[in-house]
Amino acid sequence: AYPGRGYKQGGVVGMAWLSIQAPVVLALALALAPDALLAQPVVNGCTLGPGASCPGADLAGADLFGLDLREADLSGANLAGAKLPLADLRHADLSGANLQGAVLAGVRLQGVNLAGANLAGLNLYAAKLNGANLAGADLRGTDLAGAELIRANLSGADLSAVNLFQ
């Protein structure tokens, strides 16, 4: 309910309008531009999607919100300042990538290869890094409080000033 409105007015009626309008908007979008909803974004010549192959790509500052990048090869990519909230990076190769200043809230990172990557100062609070390869990664000053690191490889990683406690 909204302040100053009754439950039925703000809650049920508002939700009913949304549930009726959403399919209409989707149908209209599909009719006008069917490929637009299925198209994968292209950033600096790199077509991004599941299994993408863009080693060394310059994706600095790119808005990759919610993107499915499962099993993508972004090794050596520049993702400094990229916005990746809710993206799916499971089993992606980001070895040697620069992620400094990237926004990774809610990112799925299980099984990701971050060997030798620059993650210095990132907020990875409560991140799920199970099975991730972080060997030799720069994690200086990273917030890993509440992170899941089951079977993660941290050999040779720089853990200076890492926050592991909530």
Side-chain angles (χ1 to χ4, degrees), residues 25-26 29-166:
V25 170
L26 180 60
L30 282 170
L32 295 175
D35 294 334
L37 292 175
L38 303 174
Q40 295 176 331
V42 178
V43 179
N44 288 337
C46 176
T47 303
L48 297 167
S53 181
C54 299
D58 183 7
L59 304 172
D63 185 358
L64 306 175
F65 178 89
L67 210 57
D68 185 352
L69 294 167
R70 284 174 294 147
E71 299 180 3
D73 180 1
L74 298 172
S75 56
N78 182 11
L79 290 153
K83 294 154 200 74
L84 291 149
L86 302 178
D88 189 346
L89 291 168
R90 290 177 294 163
H91 304 285
D93 183 358
L94 285 109
S95 57
N98 178 13
L99 289 141
Q100 201 164 23
V103 179
L104 299 174
V107 175
R108 300 177 78 177
L109 294 165
Q110 297 92 333
V112 69
N113 182 4
L114 289 162
N118 182 356
L119 305 166
L122 287 185
N123 180 0
L124 292 173
Y125 178 83
K128 292 177 176 37
L129 288 155
N130 299 323
N133 181 8
L134 294 154
D138 183 354
L139 294 164
R140 290 174 295 153
T142 300
D143 185 359
L144 287 169
E148 293 179 17
L149 292 159
I150 300 168
R151 292 187 308 278
N153 179 1
L154 291 160
S155 61
D158 187 343
L159 300 171
S160 306
V162 167
N163 179 24
L164 295 171
F165 304 102
Q166 296 184 26

(request) Please list all pairs passing the disulfide bond (SG atoms under 2.5 Å apart) test where one or both residues lie in residues 98-166, with sequence neighbours left out. (result) none
(message) Using side chain to side chain contact (heavy atoms under 4.5 Å, CB included), reason through Leu119 and Leu134 one step at a time and then give a plain yes or no.
(response) CA-CA 10 Å; Leu119 305 166; Leu134 294 154; 3.7 Å; yes
(message) I'd like to check the side-chain contact (heavy atoms from CB on, under 4.5 Å) partners of Arg70; sequence neighbours left out, ordered by chain and number.
(response) Pro50, Asp68, Asp88, Arg90
(message) Show every salt bridge (charged side-chain N to carboxylate O under 4.0 Å, His left out) that has at least one partner inside residues 43-60, sequence neighbours left out.
(response) none
(request) Could you tell me which non-hydrogen atom of Ala52 sits nearest to which non-hydrogen atom of Leu48, and how far apart they are? (result) CB-CA, 4.2 Å
(request) Over all heavy atoms of both residues, which pair between Asp93 and Ser95 is shortest? Give the atoms and the distance, please. (result) OD1-OG, 2.7 Å
(request) Measure across Leu64 and Ala87 and return the closest heavy-atom pair with its distance rounded to 0.1 Å. (result) O-CB, 4.0 Å
(request) Please test Leu67 against Leu84 for side chain to side chain contact (heavy atoms under 4.5 Å, CB included), starting from the C-alpha separation and ending with a verdict. (result) CA-CA 7 Å; Leu67 210 57; Leu84 291 149; 5.9 Å; no
(message) Taking salt bridge (charged side-chain N to carboxylate O under 4.0 Å, His left out) as the cut-off, I'd like each qualifying pair that reaches into residues 151-166, sequence neighbours left out, listed once.
(response) Arg140-Asp158
(message) Show me the pairs that pass salt bridge (charged side-chain N to carboxylate O under 4.0 Å, His left out) and involve residues 45-55, at least two apart or across chains.
(response) none
(request) Could you list the residues that satisfy side-chain contact (heavy atoms from CB on, under 4.5 Å) with Asp63, not counting sequence neighbours? (result) Phe65, Lys83
(request) Applying side chain to side chain donor-acceptor pair (under 3.5 Å), name anything that partners Ser53, two or more places apart in sequence or on another chain. (result) none
(request) Report the residues that fulfil side-chain contact (heavy atoms from CB on, under 4.5 Å) with Asp143, sequence neighbours left out, ordered by chain and then residue number. (result) Asn123, Tyr125, Ala145, Asn163
Just list the side-chain donor-acceptor pairs under 3.5 Å for residues 98-112, sequence neighbours left out, or say none.
unit_1, atom_1, unit_2, atom_2, d
Asn98, OD1, Gln100, N, 3.0
Gln100, OE1, Asn118, ND2, 3.3

(request) Enumerate the residue pairs fulfilling salt bridge (charged side-chain N to carboxylate O under 4.0 Å, His left out) with a member in residues 110-133, sequence neighbours excluded, ordered by first and then second residue. (result) Lys128-Glu148
(request) Measure across Leu144 and Leu129 and return the closest heavy-atom pair with its distance rounded to 0.1 Å. (result) CD2-CD1, 4.0 Å
(request) For residues 46-87, pull every pair meeting disulfide bond (SG atoms under 2.5 Å apart), keeping only residues two or more places apart or in separate chains. (result) Cys46-Cys54
(request) Mind jotting down which residue pairs meet the disulfide bond (SG atoms under 2.5 Å apart) criterion with at least one end in residues 87-165? Sequence neighbours excluded, please. (result) none
(message) Measuring from atom CG of Asp138 to atom CG of Leu114, what distance do you get when rounded to the nearest 0.5 angstrom?
(response) 12.0 Å
